[in-house]
Every structure is written in structure tokens, then in C-alpha cells.
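Note sheet for the following structure.
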Amino acid sequence: MRLTFLFAFFLPLILSTPSSVRAQETEKEKPPAAKEPEANAAAKDDTKKPRVPFLRPRGSYADLAEAGFGALDLLGGGAAPPKPFYEFLEVVEGLAKVPESDVLLDLSGDAVFNQPQLREVERALAAVRAAGKRVTCYVENAAAPTLRIASQCDRIVMADMGAVDLRSPAMSVMHLKDALDLLGVQVEVTRVGEFKGAVEPYMLPAISDHLRAHYEAMLASMNDDIVRAIATGRRMEPAKVRSLQATRLFTAKEALQAGLVDQLVPWSGAQRALAVVRGSDDFELADAAPKKKAQSRDLMSIFSNLIRSKKDEEIEDPSIVVLHLAGQIVDGEKPAPGSMVSGVAVKEIDGLAANEQVKGVVVRINSPGGSATASEAIRTALQRLAAKKPVVFSMGELAASGGYWITTIGQPILAEVGTITGSIGVFGMRFQPGALMRRLGVHTDIVRLDDGPLMDAMDRPWSDTARARMQGFVDEVYDRFLENVAASRKKTKADVDAIAGGRVWSGQQAVTNGLVDSIGGLADAIALVRTRAGAGDDVEVMHVPEPKNLADSFFSSMFESQIAAGFDVEALRTMFAGSAALVEVAGMVRDAFVADGLPKVYARLPIGLRVR
């Protein structure tokens with residue numbers, strides 16, 4: 001009743017005064033601006049200081065910047081949502097076109113980019129410098145990703161109390177086997193391939209030697225690209241950069257002596273730092289990023305989003321489309337932020353195939369995989385799309401297991417060196433807390449007609465027969481995976497099996513192994529699709545789908561259920577059709593609890609597998 005009252009209270013407030021009306025009323029209340037005399041205006045122009053365009057990235061950036069939702073968001077708190085990376089990249093590229101010759105990149109903020117994104121920023125800064133712009137970078141405390149970007153600038157100015165942390169990439173793998181044994185929880189696994197790292201943490205108390213060696217080789221491949229970027233930008237030998245990585249931590253003075261930065265300045269901000277470098281403060285900084293009104297995340301704004309018109313995704317002009325497929329791959333029909341839901345993705349893909357204005361599609365993948373059946377549904381939809389239009393795959397930070405499965409349609413694949421891909425392997429897994437239940441005095445009786453229902457019994461292990469049946473499912477799916485890859489990459493199943501078994505590869509290793517065609521970013525993939533489609537530069541690029549906001553989905557669903565008794569729900573659906581979708585939150589939680597009688601087989605990496 002209380003929640004119903006809140007909706008009943010806020011909705012009339014929102015509907016009674018539309019934002020456009022409020023804006024007009026506000027304009028009417030403002031006094032007209034006084035006209036400045038022309039002579040004074042001319043004098044003002046004469047004394048105008050030269051402009052220096054600058055950028056200061058902050059926060060995390062995502063290819064598909066979907067916003068999550070937490071309880072603190074109701075009070076206006078919580079973590080800031082990720083920002084759209086490609087909008088930021090466009091701003092960086094735009095620096096090449098500004099009339100000024102000097103630009104400033106302020107990296108004193110908390111900007112977070114993954115490795116493939118860092119490579120794209122590197123290319124963009126190279127284009128800015130090629131256009132004749134001198135790029136000054138200001139840093140305070142610089143981690144390795146920050147220094148990688150800074151090294152692409154003409155000079156690096158560092159605050160004299162700052163520090164450099166040139167940490168080489170590493171992976172942290174948490175093993176839960178001993179803890180689960182203490183609790184009395186057994187994990188039963190059926191898998192194909194000794195390199196399937198998704199299940200090792202549940203089976204072994206520590207990482208196996210062969211998987212450790214495999215991960216080390218992948219890290220070395222990724223680090224080669226990091227070393228290349230820093231060594232080239234700072235005019236160093238790669239061996240020196242590697243020795244600096246081993247030292248890792250540097251004070252500002254030590255960083256200057258090592259050649260990692262060019263100049264130290266007092267800790268007083270980017271503008272004063274640039275004044276020291278220029279020898280004069282006769283300039284003004286001009287923010288190169290487009291001004292956007294900050295989105296409030298309080299209770300009132302969340303409700304307001306329910307009736308706010310959504311950006312129109314209808315493709316009405318000739319376009320090259322970038323289709324973002326991101327997140328855990330799950331079965332289902334309703335969208336869930338952070339997940340790649342099979343039914344939603346298939347509908348989007350088929351819509352692009354049917355739209356004559358779509359001249360070609362770049363499929364941008366950021367996924368650790370997930371459900372094998374959902375992956376196959378998306379793959380076959382992409383096959384239908386490729387039969388009608390040029391398709392090129394662009395891999396982001398992670399495109400592995402099910403994320404690689406969906407690429408096996410015989411079309412070009414581009415990845416960055418820092419992309420994690422491959423992981424051609426499948427597994428089935430379930431938790432069996434029988435020992436814990438017995439310690440707690442819990443006993444389950446299963447009344448049955450045969451032994452089939454025992455496969456679902458959570459208090460006892462699988463029988464040999466049940467395990468064999470489950471292994472048969474896993475083997476069949478793995479064989480299908482090998483067939484898909486072999487046909488797509490023009491290899492034999494034996495050749496694929498030799499690089500499969502759950503092995504993960506860097507993008508460069510994947511090129512060497514023939515799983516990826518070449519190293520390249522999204523811009524390269526777009527250029528390839530444009531060429532294959534015969535589309536000129538006047539054909540625009542459009543990103544789909546619109547990022548989903550978990551808060552919108554949550555409140556839309558709750559809104560519908562709370563007021564259904566007093567309002568026409570179908571009328572409300574129509575009212576909000578252009579705004580947030582009226583859907584329930586779906587994803588892996590639902591997938592785990594829906595019992596359809598079928599075994600779950602996954603083609604998935606550990607969700608937390610990231611290189612830092």
C-alpha cells in the first residue's frame with residue numbers, strides 16, 4: 001500500500017507539468033539579457049586569450065555502457081554507471097580537427113579502460129599528432145594503463161609528488177575447493193578439455209601446472225603489446241621497459257630519471273602545469289568534450305525515466321550498423337541489463353537482416369560465454385544475417401567460449417592483442433550440499449517411479465549412470481563446437497581440437513592459431529564492412545541496441561504489478577512503449593532456478609577472468 005501511494009503521489013506531479021512546459025516557463029521568468037555595446041564587444045575580442053582544447057576522462061568506460069542499479073541509487077548514491085567508450089573516442093578523434101595547434105590531455109582523474117580500448121585510444125592519439133597537433137599529457141599518479149596512453153603524447157608532465165606504478169599484467173584466480181569441502185558442498189563436473197579454467201577453482205585447491213603455464217603464455221603475449229606501446233612512445237628499448245616493469249614502483253623523480261616522463265611540476269593541477277611548460281599563463285582551457293547534463297539517479301529521476309521518450313532506434317537511412325552483443329549469454333525472451341539474452345538478440349539480428357537500409361553489420365562482442373543453447377540460437381541468427389548483408393566480427397575485451405561460438409559462421413574476425421578469446425570447451429556443473437545437509441540434520445526423501453529423478457537430488461552425488469548421461473551431453477556439445485569452428489575457419493576437427501580443450505588465447509595468439517583473421521579495432525571492422533558493402537563515407541554508422549538501465553527495468557516491472565488493480569495495464573504499456581521496456585529482470589539467477597528437466601551445458605569462461 002505504501003509503494004502504491006508513492007506512485008500515485010509522484011505520477012500526477014510528473015504528468016501535470018511536462019518538462020517542455022517547465023522549460024518555457026523558466027525562460028519566461030528570465031529577464032532579457034542586456035545587449036553589450038559593440039565597442040565593448042570588439043575590445044573584449046581583442047583581449048581574448050588563445051584557447052587550448054583539453055580532455056579529462058573520468059570513471060569507467062564500456063563499449064555498451066549499460067547502467068546497473070543498487071539500493072543506494074534510491075537515495076542518489078551508489079557507483080557511477082559506465083560511460084560510452086565510443087562517444088569518448090569520437091571526441092579524441094575530433095581533436096585532430098580543432099584549429100588550435102596545442103591540446104591537453106589531463107589524465108589525473110580515475111579513468112578506467114580495458115586493454116582493447118587502450119589500443120583504440122592509442123590509434124586515435126596517433127591520428128591527432130599526425131594532424132600536426134602537439135599533445136601535452138598531465139599526470140599525477142600514473143598506473144600502467146595511464147602511462148600507456150600518456151606515452152602516445154608528445155610530452156608527459158607529472159606532478160612532483162606523484163608516482164608511477166608500472167605493474168605488468170597478471171591474473172588472480174580464486175580457488176574454492178578447500179572452503180567447499182569444509183562446508184560439506186561437493187561440486188560435480190562433467191567437462192571436455194583439461195584447460196577449462198571455469199571449473200578448476202571448484203575441483204582443485206590450487207591452479208594446475210599446465211593451466212598456469214598456459215595463462216603465463218597468454219599474459220606474455222598481451223604484455224608484448226603493452227611494452228611495444230610504451231617503448232615506441234618513450235623511445236626506449238623494449239628490454240628496458242621490461243626491466244622497469246620488474247621494478248614497478250617509481251617516485252616522480254625516479255620516473256623522470258628513467259625517462260618515463262619529461263618534466264615535473266608542482267602539484268597544482270593541469271592548467272598550471274601547462275602554464276609552466278608554455279612559460280606563460282596567457283591561455284584558457286576549452287573543454288573538448290560535449291556538454292551533457294548530468295543524469296540524476298535519485299528516486300524522482302528514476303520515476304521520471306519511466307515516461308521519458310527513448311532515443312529512436314529505427315533505422316530509416318542507409319547505415320552501417322554496429323551491433324553490440326555483450327554480457328553473459330543466457331536463454332530467455334526478455335531483456336536483462338548485463339546479459340546477452342538469446343531471444344532478444346535473435347529478434348534484433350533478424351530485424352537488421354530484414355531492414356533494407358542496413359548495408360552491413362559489425363558485430364561487436366564482449367562476452368565470457370554462457371548457455372550453449374543460447375549461443376547456438378544467436379549463431380544461427382547471425383548466419384541468416386550474413387546470408388543477406390556483409391558481416392564482420394569485432395572482438396572487445398573478452399570474446400571467449402560461447403562468445404567465440406557465435407562467431408563461427410565463416411565471416412571475418414578482428415581482435416585486439418589484449419582480447420581474451422578461444423576457450424573452445426564445454427562443461428556441466430552442479431553444487432551438491434549433501435554433507436552440509438546431513439550436518440544440519442536435513443534429510444530428503446524422493447518418491448519416484450525410476451532413477452531418473454535422482455539426477456535432480458541435491459543431497460546425493462550423481463550415480464555412475466547419471467554421470468555418464470551428463471558426460472554424453474557435454475561430449476556431444478563439444479563435438480558440435482569443434483564442427484562449427486572447423487567449418488568456419490577451414491580447418492579439420494583434429495586441428496581445432498589441438499588448440500581447443502578450453503584453452504584461452506590472446507588476440508595475437510588467436511591470429512597465429514587461425515582463430516582470428518587479424519589484429520584491429522572497431523574502426524578497422526567498420527572500414528572492412530564499408531568496403532564489402534560498397535558503401536561510401538556518406539553512409540552513417542549507427543550503434544544498436546540502446547543500452548538498458550536495470551533501474552528502468554526494475555521499476556517498470558514493479559510499477560506494472562503495483563497499480564494493475566487500479567489501472568488498465570495495456571494502456572500503460574502503450575503509454576510507456578517509447579520509454580523503458582516493461583520487463584522483468586532476467587539472467588543467470590533465473591536460469592539457475594528454472595527447472596525444465598533438461599541438463600544445463602555451458603560454454604563459458606569464469607565471469608571474473610580479467611587481466612589486470
Does the distance from a Lys or Arg side-chain N to an Asp or Glu carboxylate O, for R228 and E122, drop under 4.0 Å?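 Yes.
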Salt bridge present between R480 and E376 (N-O < 4.0 angstrom): yes
Could you walk me through whether I320 and M542 pass the side chain to side chain contact (heavy atoms under 4.5 Å, CB included) check? CA-CA 6 Å; I320 299 294; M542 183 174 183; over 6 Å; no
Return yes if some donor-acceptor pair links the side-chain N/O of [X] with the main-chain N/O of [Y] below 3.5 Å, else return no.
X    : Y    : answer
S151 : G233 : no
N114 : E397 : no
H543 : L323 : no
Y404 : L515 : yes
Q509 : S506 : yes
T419 : G507 : no
E120 : L89  : no
E254 : T251 : yes
R56  : L105 : no
K177 : E200 : no

Check whether any side-chain heavy atom of [X] sits under 4.5 Å from a side-chain heavy atom of [Y], and report yes or no.
X    : Y    : result
R532 : Q411 : yes
L528 : P412 : yes
V322 : V544 : no
I226 : P169 : yes
D154 : K133 : no
M174 : P201 : no
V361 : V529 : no
V516 : W505 : no

If you look at every heavy atom in [X] and [Y], which pair is closest and at what distance?
X    : Y    : result
D517 : V511 : O-CG1, 4.2 Å
L414 : D524 : CD2-CB, 3.6 Å
A65  : P82  : CB-O, 3.5 Å
L256 : Q263 : CD1-N, 3.9 Å
V346 : A377 : CG2-O, 3.5 Å
P57  : A111 : O-CB, 3.5 Å

Please tell me whether [X] and [Y] have a donor and an acceptor in their side chains that are separated by less than 3.5 angstrom.
X    : Y    : value
R467 : T190 : no
R155 : T136 : yes
D63  : Q117 : yes
Q328 : S367 : no
S371 : T373 : yes
S168 : N223 : no
S221 : D224 : no

Interatomic spacing from [atom1] in [X] to [atom2] in [Y] - rounded to 0.5 Å:
X    : Y    : atom1 : atom2 : answer
I420 : L398 : CD1   : CG    : 5.5 Å
H210 : Y215 : NE2   : OH    : 9.5 Å
E237 : S243 : CD    : OG    : 11.0 Å
Y86  : H324 : OH    : NE2   : 7.0 Å
Q245 : K240 : CD    : NZ    : 13.5 Å
L522 : F85  : CG    : CZ    : 9.0 Å

Would R364 and E416 count as a salt bridge (charged side-chain N to carboxylate O under 4.0 Å, His left out) if you check the C-alpha gap in whole Å, the side-chain angles of each, and the deciding distance to 0.1 Å? CA-CA 12 Å; R364 178 72 173 183; E416 297 287 11; 5.9 Å; no
Determine whether R234 and D262 satisfy the following criterion, side chain to side chain contact (heavy atoms under 4.5 Å, CB included), listing intermediate values before the conclusion. CA-CA 9 Å; R234 300 307 299 165; D262 297 299; 2.9 Å; yes
Would V164 and L147 count as a side chain to side chain contact (heavy atoms under 4.5 Å, CB included) if you check the C-alpha gap in whole Å, the side-chain angles of each, and the deciding distance to 0.1 Å? CA-CA 8 Å; V164 171; L147 189 66; 4.2 Å; yes
Answer yes or no: are there more than 12 heavy-atom neighbours, outside E483 itself, under 6.0 Å from its atom CD?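 More than 12 within 6.0 Å, yes.
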Are there more than 12 heavy atoms of other residues, nucleotides or ligands under 6.0 Å from atom CZ of R129? yes
Using the side chain to side chain contact (heavy atoms under 4.5 Å, CB included) rule, take N366 and L64 through it: C-alpha gap first, then chi angles, then the decisive distance, then the call. CA-CA 9 Å; N366 282 282; L64 183 64; over 6 Å; no
Test W405 against every option in I329, I378, I424, N484 by the side-chain contact (heavy atoms from CB on, under 4.5 Å) rule and name the one that passes. N484
I'd like to know whether D225 forms a salt bridge (charged side-chain N to carboxylate O under 4.0 Å, His left out) with R148, so could you lay out the CA-CA distance, the side-chain angles of the two residues, the decisive distance to 0.1 Å, and finally the verdict. CA-CA 10 Å; D225 194 49; R148 177 173 178 174; 2.8 Å; yes
Report the C-alpha separation of R489 and D495 in whole Å, then their side-chain angles, then the decisive distance to 0.1 Å, and conclude whether the salt bridge (charged side-chain N to carboxylate O under 4.0 Å, His left out) test is met. CA-CA 10 Å; R489 306 306 300 175; D495 290 337; over 6 Å; no
Give the C-alpha distance, both sets of side-chain angles, the deciding distance and a yes or no for salt bridge (charged side-chain N to carboxylate O under 4.0 Å, His left out) between D464 and R469. CA-CA 9 Å; D464 292 341; R469 290 292 297 148; over 6 Å; no
Pair F113 and F88, ring centroids less than 6.0 Å apart: yes
